[in-house]
Peer 1: 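One structure follows; several queries about it will come next.
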Amino acid sequence: MQSSGQKKSIAGTLLNLVGSRQKRPAPGPAPDGDVVQPAAGEGALENHLGGDEARNYRKYEYDTVAPHVGRSMLEVGSGLGHFSEQFAGRLDYLVVSDNDPYCVGELRKRHDGNEDVEVIDLALPAEIKIRRKVDTVVMMNVLEHIKDDVQALRDLAAVTEPGGRIVIWVPGYMQLYGDFDRKVGHVTRYTPATLEASVREAGLVPEVLKPINFLGGIAWWFAVRRGGAGYPDPKLVKIYDRTVVPLTRGIERFVRPPFGQTVFCVARVPR
């Protein structure tokens, strides 16, 4: 049986792997009074979780999503294009999008002269105007930013071929909601049940729906609820990426977790 000191040590280790209690410069308030970080650039908090500090995590994302991607793809919330670039060579047509002016500009620079890639400025819900329909839509940590998530999914279904897929990766469980979520503008964190409700209301059929990153969820709970962390320290994210992510992937090959930092869904557009 663990002593109180041992439990505190474990909690502290998990906290240190995920976040830091060090105070950072406060971002400016959004018009509605909420605090929201920019989508990219020096002040972007969310990028640390999938950027250069988290290469194993990015591969975890790719390996989970890639089996469900066809020959044409719309990525919603592409940021600087790091995720979609992993699909280079396997797609006939790629649409990358964002609604942050800096990101859209960088995406246009990245894909300048490539006729197989279309770059659009997109803020959902909205009518989506692209050259042709795609067989796959990918949303990596995007839907949780949108208040009317059902309409956003309907808009995406309208530009997806019948029988195509919408792949959704969102932060899981309101028990993990904290200062970080508020700073990056998260409306909610999902459970499989709440995500399924939105998917079905949008007229889609969930084919894969599950929590993933179980150990990450536990670490984040300690960091947010017990430790008061509000910012993912890049140096500590590297440690987390090299230790917890590979262990999580190994466990999830054999065990379906009941809970996780992320909820993953593949939804089919009816034929």
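A quick note: this is a predicted structure, and the numbers were derived from the prediction, not measured.
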Peer 1: If we ignore hydrogens and angles and just use 3.5 Å, is the side chain of Thr136 paired with the main-chain N or O of Arg165 as donor and acceptor?
Peer 2: no
Peer 1: Any non-hydrogen side-chain atom of Phe264 less than 4.5 Å from a side-chain atom of Val208?
Peer 2: yes
Peer 1: What do you reckon, is CZ of Arg132 surrounded by more than 12 foreign heavy atoms closer than 6.0 Å?
Peer 2: yes
Peer 1: After noting the C-alpha distance and the side-chain angles of Glu118 and Ser97, does the key distance pass the side chain to side chain contact (heavy atoms under 4.5 Å, CB included) rule?
Peer 2: CA-CA 8 Å; Glu118 186 173 359; Ser97 69; over 6 Å; no
Peer 1: Can you list the steps and then say if Met139 with Val137 is a side chain to side chain contact (heavy atoms under 4.5 Å, CB included)?
Peer 2: CA-CA 7 Å; Met139 307 178 76; Val137 172; 4.2 Å; yes
Peer 1: Taking 4.0 angstrom as the limit, do Glu161 and Lys133 come out as a salt bridge?
Peer 2: no
Peer 1: About how many Å separate CD of Gln86 and CZ of Arg90, when rounded to the nearest 0.5 Å?
Peer 2: 11.0 Å
Peer 1: Is Lys183 paired with Asp179 through a side-chain N to carboxylate O contact shorter than 4.0 Å?
Peer 2: yes
Peer 1: Strictly below 4.0 Å, N to O, side chains only: are Glu106 and Lys109 in salt-bridge contact?
Peer 2: yes
Peer 1: Minimum heavy-atom separation for Pro206 to Glu196, with atom names?
Peer 2: CG-CG, 4.1 Å
Peer 1: So, His186 side chain and Ile146 main chain: donor-acceptor pair closer than 3.5 Å or not?
Peer 2: no
Peer 1: Provide the closest heavy-atom pair for Gly70 versus Leu91 in the form atom of the first, atom of the second, distance.
Peer 2: O-CD2, 3.5 Å
Peer 1: Return yes if some donor-acceptor pair links the side-chain N/O of Asp98 with the main-chain N/O of Gly79 below 3.5 Å, else return no.
Peer 2: yes
Peer 1: Do Leu195 and Val263 come close enough that some side-chain heavy atom pair is under 4.5 Å?
Peer 2: yes
Peer 1: Quick check for you: to the nearest 0.5 Å, what is the distance between Leu94 atom CG and Glu85 atom CD?
Peer 2: 11.0 Å
Peer 1: Below 4.5 Å, heavy atoms only, C-beta onward: do Ile120 and Ile130 meet side chain to side chain?
Peer 2: yes
Peer 1: When you measure from the side chain of Arg55 to the backbone of Lys238, do you find a donor-acceptor pair of N or O atoms at a distance under 3.5 Å?
Peer 2: no
Peer 1: Any heavy-atom pair between the side chains of Arg249 and Asp63 that's under 4.5 Å?
Peer 2: yes
Peer 1: Given 3.5 Å as the limit, does a donor-acceptor pair link the side chain of Thr191 with the main chain of Thr194, or not?
Peer 2: yes
Peer 1: Would you check if the side chain of Arg182 reaches a backbone N or O of Val187 as a donor-acceptor pair within less than 3.5 Å?
Peer 2: no
Peer 1: I want to know whether Tyr57 and Tyr240 have ring centres closer than 6.0 Å.
Peer 2: no
Peer 1: Between Phe214 and Pro257, which heavy-atom pair has the shortest distance, and what is it?
Peer 2: CB-CB, 3.6 Å
Peer 1: When rounded to the nearest 0.5 angstrom, what is the spacing between CH2 in Trp169 and CG in Asn141?
Peer 2: 8.0 Å
Peer 1: How long is the span from the SG atom in Cys265 to the NZ atom in Lys210, to the nearest 0.5 Å?
Peer 2: 11.0 Å
Peer 1: Donor-acceptor pair, distance only, cut-off 3.5 Å: does the side chain of Arg268 make one with the backbone of Gly163?
Peer 2: yes
Peer 1: Ignoring hydrogens and geometry, is there a side-chain-to-backbone donor-acceptor pair from Tyr60 to Asn213 under 3.5 Å?
Peer 2: yes
Peer 1: Could you check Gln175, Glu144, Gln261 and say which one makes a side chain to side chain contact (heavy atoms under 4.5 Å, CB included) with Arg189?
Peer 2: Gln261
Peer 1: Inspect the contact between Asp241 and Arg58 and indicate whether a charged nitrogen and a carboxylate oxygen are less than 4.0 angstrom apart.
Peer 2: no
Peer 1: Hey, mind stepping through Val138 and Val65 against side chain to side chain contact (heavy atoms under 4.5 Å, CB included) and telling me if it holds?
Peer 2: CA-CA 8 Å; Val138 173; Val65 171; 4.1 Å; yes
Peer 1: Rounded at 0.5 Å granularity, tell me how far CG in Leu124 sits from CG in Leu143.
Peer 2: 9.0 Å
Peer 1: Indicate if Ile166 and Val205 have the same hydrophobic cluster label, given that clusters are the connected sets of ILVMFWY residues with side-chain heavy-atom separations under 4.5 angstrom.
Peer 2: no
Peer 1: Is a side-chain N or O of Ser198 found less than 3.5 angstrom from the main chain of Asp149, in a donor-acceptor match?
Peer 2: no
Peer 1: With side chain to side chain contact (heavy atoms under 4.5 Å, CB included) as the criterion, how do Thr64 and Val167 come out once you've worked through the C-alpha distance, each side chain's angles and the decisive distance to 0.1 Å?
Peer 2: CA-CA 10 Å; Thr64 304; Val167 182; over 6 Å; no
Peer 1: Of the non-hydrogen atoms in Pro192 and Leu209, which two are nearest, and what is the gap between them?
Peer 2: O-CD2, 3.3 Å
Peer 1: Considering only heavy atoms from C-beta outward, does the side chain of Tyr93 approach that of Arg131 to under 4.5 Å?
Peer 2: yes
Peer 1: So which atom in Val119 and which in Val104 form the shortest heavy-atom distance, rounded to 0.1 Å?
Peer 2: CG1-O, 4.1 Å
Peer 1: For the CD atom of Gln151 and the CD atom of Glu201, what is their distance to the nearest 0.5 Å?
Peer 2: 10.0 Å
Peer 1: List in chain and number order the residues that pass salt bridge (Lys or Arg N to Asp or Glu O under 4.0 Å) with Arg71, two or more places apart in sequence or in another chain; answer none if no residue qualifies.
Peer 2: Asp92
Peer 1: Is the shortest heavy-atom distance from the side chain of Tyr177 to the side chain of Pro171 under 4.5 Å?
Peer 2: no
Peer 1: Could you report the tightest heavy-atom contact between Val199 and Ala267, atom names first, then the distance?
Peer 2: CG1-CB, 3.7 Å
Peer 1: Between Asp181 and Gly178, is there a donor-acceptor pair closer than 3.5 Å when you use the side chain of the first and the backbone of the second?
Peer 2: yes
Peer 1: For the hydrophobic clusters of this structure (ILVMFWY residues joined by side-chain heavy atoms under 4.5 Å, transitively), does one cluster hold both Ile128 and Val150?
Peer 2: no
Peer 1: Do the ring planes of Phe259 and Tyr173 sit parallel (below 30°), tilted (30 to 60°) or perpendicular (above 60°)?
Peer 2: tilted
